[in-house]
Asks: 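Next up is a structure, given as structure tokens.
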Amino acid sequence: MDIIFHETETEVRTADFDLDKTFNCGQCFRWRPEEGAARSYIGVAYGRAARARQIGESVFISGGREEFESLWRDYFDLGRDYAAIRAALSVDPYMARAAEHGAGIRILRQEPWEALCTFIISQCNNIPRITQIVEALCRLFGAPVQFEGRTLYAFPAPETLAALREEDLAPLRCGYRARYIIGAARAVAEGRIDLEKLKDAPERDAVVSLKALDGVGDKVAHCAALFGLGKLNAFPVDTWMKKALESQYGGRADVSRFAPYAGIAQQYIFHYARSSARPAS
DNA sequence: GAACAGGCAACTC
DNA sequence: GAGTTGCCTGTT
């Protein structure tokens, strides 16, 4: 992997980074395709706005060395050897195909609160609507961030949402999830759950702590652990995964074969199952 | 109108 | 403990 610092952008050159797959494999909801530009996205993470665009095997991320080293290198998980992980995960023909198909996906290290909150919103919702609700949440309650003359919004802090009432979330049209969002925000803001601390806890303990929150079950807890706490062995099972596991392993999937990277295996399977069910984009 | 969408909790037996 | 049902809202 080569890192090249240009005047206003940092170039990451590697065969193992595919922006389209990384942003569209369902792990995040805050990177939007830039209109009129292919393979170019604008998003906000950790309160910083950026453009990420890809040309061939080069990904260009806005910002210089300081910003790249302090944020984007970790955010895009660029220190990890995904090719070696794919090889280790290829323990059966199906998994090998899924891994091959998902080459280039990187698990983003998102803000813990953002991951928890967006996956609470995701329950029983489709992706366009999740994106819409998350955007509205940020627009209404997030801090504005200027980027190239446009105003974007950071993900709202738990403290901000903790001060709201359920009715304040009515414009989001997120239904019964409003109660869960406020409840989780208060738990975080009041220190009843310490997400930063859970980053260092064993995955099993982190999942148990997350599930103590109202509205957080197995699936959401594993998503928050995988995408927000860096627990790469967390294995969220949603309806897509259920179908894929059922058809490939007869419902008796032995996830321990994928340790310690079951979460990455999950992303490969999820992406593979979904893209073979839809016309290629 | 009914069924469903990247679940969860409360309730049943 | 496995299975069922209501929940907000929007789309098909």
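In this text the structure is predicted, and so the values were computed from the model without any measurement. The chains referred to below are lettered A, B, ... by the order of the sequence lines, with proteins before strands, and numbering in each begins at 1.
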Asks: Report yes if the side chains of A:Leu137 and A:Ile121 come closer than 4.5 Å at any heavy-atom pair, otherwise no.
Replies: yes
Asks: For the side chain of A:Arg173, counting heavy atoms from C-beta on, which of B:dG6, C:dT9, B:dC8 is nearest?
Replies: C:dT9
Asks: Contact class for A:Leu213 (heavy atom, under 4.0 Å): base, sugar-phosphate, or nothing?
Replies: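 A:Leu213: backbone/sugar contact only, no base atoms under 4.0 Å.
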Asks: Within this structure, what is the CG-to-C1' distance between A:Leu172 and C:dG10, rounded to whole angstrom?
Replies: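 Rounded to the whole Å, the gap is 15 Å.
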Asks: Given the P atoms of C:dG10 and B:dA9, what is the spacing between them in whole Å?
Replies: 23 Å
Asks: With nearest nucleotide decided by heavy atoms, which residue, A:Ile127 or A:Val216, maps closer to the 5′ end of DNA chain B?
Replies: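 It is A:Ile127 whose nearest nucleotide is closer to the 5' end.
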Asks: In a check of side-chain contact (heavy atoms from CB on, under 4.5 Å) between A:Pro236 and each of A:Met241, A:Gln27, A:His222, which one passes?
Replies: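 Filter result, single survivor: A:His222.
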Asks: Check whether the side chain of A:Tyr176 and the base of B:dG7 form a donor-acceptor pair under 3.5 Å.
Replies: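 Between B:dG7 and A:Tyr176, which were checked side chain against base, a qualifying N/O pair under 3.5 Å is present.
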Asks: Roughly how many Å apart are B:dG6 and C:dG3, using the P atom of each and rounding to a whole number?
Replies: 23 Å
Asks: Does C:dC8 have a Watson-Crick or wobble mate here (both distances under 3.5 Å), and if so which one?
Replies: none
Asks: Assess the residue pair A:Arg106 and A:Tyr82 against the criterion (side-chain hydrogen bond (donor to acceptor under 3.5 Å, both in side chains)); give the C-alpha distance rounded to whole Å, side-chain angles, the decisive distance to 0.1 Å, and a yes or no.
Replies: CA-CA 8 Å; A:Arg106 309 193 80 90; A:Tyr82 277 76; 5.1 Å; no
Asks: Can you tell me how far C1' of C:dG10 sits from CD of A:Gln132, to the nearest Å?
Replies: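 It is 9 Å, rounded to the nearest whole Å.
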Asks: What is the distance from CG of A:Asp218 to P of B:dC8, rounded to the nearest Å?
Replies: 7 Å
Asks: Sticking with atom P, work out how far C:dT5 lies from B:dC4, rounded to a whole angstrom.
Replies: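 Straight-line distance between the two P atoms is 13 Å.
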Asks: For B:dG6, what is the paired nucleotide under Watson-Crick or G-U wobble rules, both distances under 3.5 Å?
Replies: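 Base partner found: none.
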Asks: Taking it one step at a time, do A:Glu57 and A:Thr14 satisfy side-chain hydrogen bond (donor to acceptor under 3.5 Å, both in side chains)?
Replies: CA-CA 6 Å; A:Glu57 293 190 345; A:Thr14 167; over 6 Å; no
Asks: Within this structure, what is the CG-CD distance for the pair A:Leu116 and A:Gln110, rounded to the nearest 0.5 Å?
Replies: 11.5 Å
Asks: Using the P atoms only, state how far B:dA3 lies from C:dT4, rounded to an integer number of Å.
Replies: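 Here C:dT4 and B:dA3 have their P atoms 16 Å from each other.
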Asks: Which comes earlier along DNA chain B counting from the 5' end, the contact point of A:Gln266 or that of A:Gly215, where each point is its nearest nucleotide?
Replies: A:Gln266
Asks: Rounded to whole Å, please give me the gap between CG in A:Leu226 and C1' in B:dG6.
Replies: 13 Å
Asks: Which label fits A:Tyr41 and A:Phe23: parallel for a plane angle under 30°, tilted from 30 to 60°, or perpendicular past 60°?
Replies: perpendicular
Asks: Please pick, from B:dG6, B:dC8, C:dC8, the nucleotide with the shortest atom-to-atom distance to any side-chain atom of A:Arg177.
Replies: C:dC8
Asks: Would you indicate what A:Gly217 reaches in the nucleic acid, counting non-hydrogen atoms under 4.0 angstrom: base, sugar-phosphate, or nothing?
Replies: sugar-phosphate
Asks: Between the base of B:dG7 and the side chain of A:Lys219, is there any donor-acceptor pair under 3.5 Å?
Replies: no
Asks: Out of B:dA9, B:dC8, B:dG6, which nucleotide sits closest to the side chain of A:Gln123?
Replies: B:dC8
Asks: Nearest whole Å is fine: how far is C:dT11 P from A:Ile133 CD1?
Replies: 11 Å
Asks: With no angle test and no hydrogens, is the base of C:dT9 tied to the side chain of A:Arg129 by a donor-acceptor pair under 3.5 Å?
Replies: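 Such a pair exists between side chain and base.
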Asks: What's the CZ-C1' distance between A:Arg179 and B:dG7, to the nearest Å?
Replies: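 One finds 13 Å between C1' of B:dG7 and CZ of A:Arg179, rounded.
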Asks: Considering only atom P, compute the distance from C:dT11 to B:dC8 and round it to an integer number of Å.
Replies: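 Those two atoms are separated by 23 Å.
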Asks: Quickly work out the A:Ile120 CD1 to B:dC8 C1' distance and round it to whole Å.
Replies: 11 Å
Asks: Using whole Å, what does the distance between atom C1' of nucleotide B:dC4 and atom NZ of A:Lys243 come to?
Replies: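 That distance rounds to 10 Å.
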